[in-house]
Amino acid sequence: MPELPEVEALAEFLRERAVGRAVLGVDVVAFQALKTVDPPVSALGGLTVTGVTRHGKFLDIDCDGPHFITHLARGGWLRWRDDLSGAKPVRPGKGPLAVRVRLSPGEDGQAPGFELTEAGTQKRLAVYVVRDPAEVPGIAALGPDPLSEEFTPEALKEIVGGSRTQIKGLLRDQKVIAGIGNAYSDEVLHVARMSPFKIAATLTDEQITGLHEAIVTTLRDAVGRARGLAAKDLKAEKKSGLRVHARTGEKCDVCGDTIREVSFADSSLQYCPTCQTGGKPLADRRLSKLLK
């Protein structure tokens, strides 16, 4: 799933290539992806892209008033095309293509654009055309952005205070902190040397400070690595930069212990026992307890 660093990189990528171009058209292939009807998608035709930004894991393209907003969900991605002038008309089908956005040609005569695709059978990619980003329920409910000035150790202390949620789940809750998903919550907790099952309210002031630093540095480092890369290269860069997530069975680069996994119904987490749980392996989450 694209998380804050990848979506931020996609926003920067589109700022360089899409801002200043007019929208020639938006072709919706997967109709279930479009979550709004007013304004209609056709209203974007002829408007100029004036800005691209990010809200948590939402990508926001400002078309001189109306906003084209997408959430890529678990299997979605954005593919930039240097020239769509010769592209065949899109038709609804079983392929991965969900939406195609065609932009005006440049001096070279090429008419670029991008396509939103979604792999897998769980079609959760979402597209919204709204007058104000706050009209998107997911954006309106977002917690603070962890790379904003407002996200201080004091703000994090207020967030975790009194919460009986396990810290892994709290970090992933978009209503609590915006932009962190399954992968970077694993990475943050490894840097913070903290068990994913630790109850948020039990964190000491020192642990909160360390967790805050781990959140900010992990995300900033990931954004820095992704900056300047083409959209097609972002997935590979993310994978290469992960320390524990999706590395089950490999050696921890910090201590040499074997990275372990806890499985859930539709996801999993990875962690290092030596770095995070005092050397004790966590039970499979389906057993709901820590091995003693």
Side-chain angles (χ1 to χ4, degrees), residues 1-6 56-57 74 143-147 151-153 155-223 225 238-264 266-291:
M1 176 184 289
E3 300 178 38
L4 184 156
E6 295 80 54
K57 293 187 273 189
R74 174 175 291 185
D145 191 288
L147 296 185
F151 186 73
T152 62
L156 181 58
K157 182 177 181 178
E158 185 174 345
I159 288 171
V160 302
S163 175
R164 300 303 301 174
T165 303
Q166 293 174 346
I167 193 64
K168 165 78 175 181
L170 183 140
L171 290 177
R172 293 186 61 187
D173 188 341
Q174 300 303 296
K175 295 180 181 179
V176 175
I177 302 173
I180 302 175
N182 196 30
Y184 286 107
S185 57
D186 283 351
E187 297 299 293
V188 164
L189 291 172
H190 182 252
V191 173
R193 304 181 71 86
M194 187 175 295
S195 169
F197 290 174
K198 188 172 183 61
I199 300 302
T202 66
L203 267 63
T204 65
D205 287 350
E206 183 179 359
Q207 288 173 325
I208 292 172
T209 299
L211 179 60
H212 177 271
E213 182 178 356
I215 292 170
V216 174
T217 57
T218 299
L219 294 177
R220 282 181 177 168
D221 288 349
V223 169
R225 293 194 306 269
K238 175 182 181 178
K239 184 177 181 180
S240 68
L242 297 175
R243 296 156 49 117
V244 289
H245 185 78
R247 290 187 56 195
T248 303
E250 299 180 30
K251 298 298 182 182
C252 172
D253 293 338
V254 175
C255 71
D257 196 358
T258 301
I259 295 169
R260 303 207 182 199
E261 176 176 310
V262 176
S263 298
F264 299 84
D266 61 351
S267 65
S268 62
L269 66 82
Q270 287 78 40
Y271 69 101
C272 170
T274 294
C275 291
Q276 297 176 251
T277 61
K280 297 180 180 179
L282 297 171
D284 188 296
R285 192 63 188 102
R286 288 167 292 190
L287 300 179
S288 301
K289 60 182 179 180
L290 180 65
L291 288 177

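Below, each value reflects all heavy atoms present in this structure, side chains not excepted, and no hydrogens, waters or symmetry copies. Along the sequence shown, residues are numbered consecutively beginning with 1. Because the structure is a prediction, the values reported are computed rather than measured.
Checked against side-chain contact (heavy atoms from CB on, under 4.5 Å), Pro144 has the following partners two or more places apart in sequence or in another chain: Phe151, Ile159. In this structure Arg74 satisfies the side chain to side chain donor-acceptor pair (under 3.5 Å) test with no other residue, sequence neighbours excluded. Applying the side chain to side chain donor-acceptor pair (under 3.5 Å) rule to Lys239 yields no partners; only residues at least two apart in sequence or on another chain are considered. Not counting sequence neighbours, Thr209 has no partner by the side-chain contact (heavy atoms from CB on, under 4.5 Å) test. For Tyr184, the side chain to side chain donor-acceptor pair (under 3.5 Å) partners at least two apart in sequence or on another chain are Glu6. Not counting sequence neighbours, the partners of Ser185 by the side chain to side chain donor-acceptor pair (under 3.5 Å) test are Lys168. With sequence neighbours excluded, no residue forms a salt bridge (charged side-chain N to carboxylate O under 4.0 Å, His left out) with Glu261. Taking Arg247 as the reference, Glu250, Asp253 meet the salt bridge (charged side-chain N to carboxylate O under 4.0 Å, His left out) condition, with sequence neighbours excluded. Arg225 meets the salt bridge (charged side-chain N to carboxylate O under 4.0 Å, His left out) test with Glu237; sequence neighbours excluded. Residues passing the salt bridge (charged side-chain N to carboxylate O under 4.0 Å, His left out) test with Lys157, sequence neighbours excluded: Asp205.
The shortest distance between side-chain heavy atoms of Ser267 and Arg172 falls below 4.5 Å. At least one side-chain heavy atom of Ile167 sits under 4.5 Å from a side-chain heavy atom of Leu211. Taking 4.5 Å as the limit, every side-chain heavy atom of Thr274 sits out of range of all side-chain heavy atoms of Val254. Using a 4.5 Å cut-off on side-chain heavy atoms (C-beta onward), Leu156 and Ile177 make contact. Taking 4.5 Å as the limit, some side-chain heavy atom of Arg164 sits within range of a side-chain heavy atom of Thr202.
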Review point. Leu269 and Val244: side chain to side chain contact (heavy atoms under 4.5 Å, CB included), yes or no, with the steps?
Key: CA-CA 9 Å; Leu269 66 82; Val244 289; over 6 Å; no
Check your understanding: Are Asp186 and Leu242 close enough, and set up right, to give a side chain to side chain contact (heavy atoms under 4.5 Å, CB included), and what steps lead you there?
Key -> CA-CA 9 Å; Asp186 283 351; Leu242 297 175; over 6 Å; no
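Taking each heavy atom of Lys251 and Gly256 in turn, the nearest pair found is CD-O, 3.2 Å. What you find for Arg220 and Leu147 is that their closest heavy atoms are CG-CD2, 3.6 Å. Contact between Glu3 and Gly179 at its shortest, heavy atoms only, is CB-O, 3.6 Å. Residues Cys255 and Cys275 come closest through the heavy atom pair SG-SG, 3.8 Å. The shortest heavy-atom contact between Ala246 and Gln270 is N-OE1, 2.9 Å. Nearest approach of Tyr271 to Val262, heavy atoms of both residues: CE2-CG2, 3.9 Å.
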Please list, one pair per line, the donor and acceptor atoms closer than 3.5 Å that link side chains of residues 188-200 to other protein atoms, with sequence neighbours excluded.
from	atom 1	to	atom 2	distance (Å)
His190	ND1	Arg243	NE	3.2
His190	ND1	Arg243	NH2	3.1
Ser195	OG	Phe197	N	3.1

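No donor-acceptor distance shorter than 3.5 angstrom exists from the side chain of Glu187 to the backbone of Ile215, with no hydrogens or angles considered.
With values rounded to the nearest 0.5 angstrom, Leu4 atom CG is found 11.5 Å from Thr218 atom OG1. We find the NZ-OG1 distance between Lys280 and Thr277 to be 8.5 Å, quoted to the nearest 0.5 Å.
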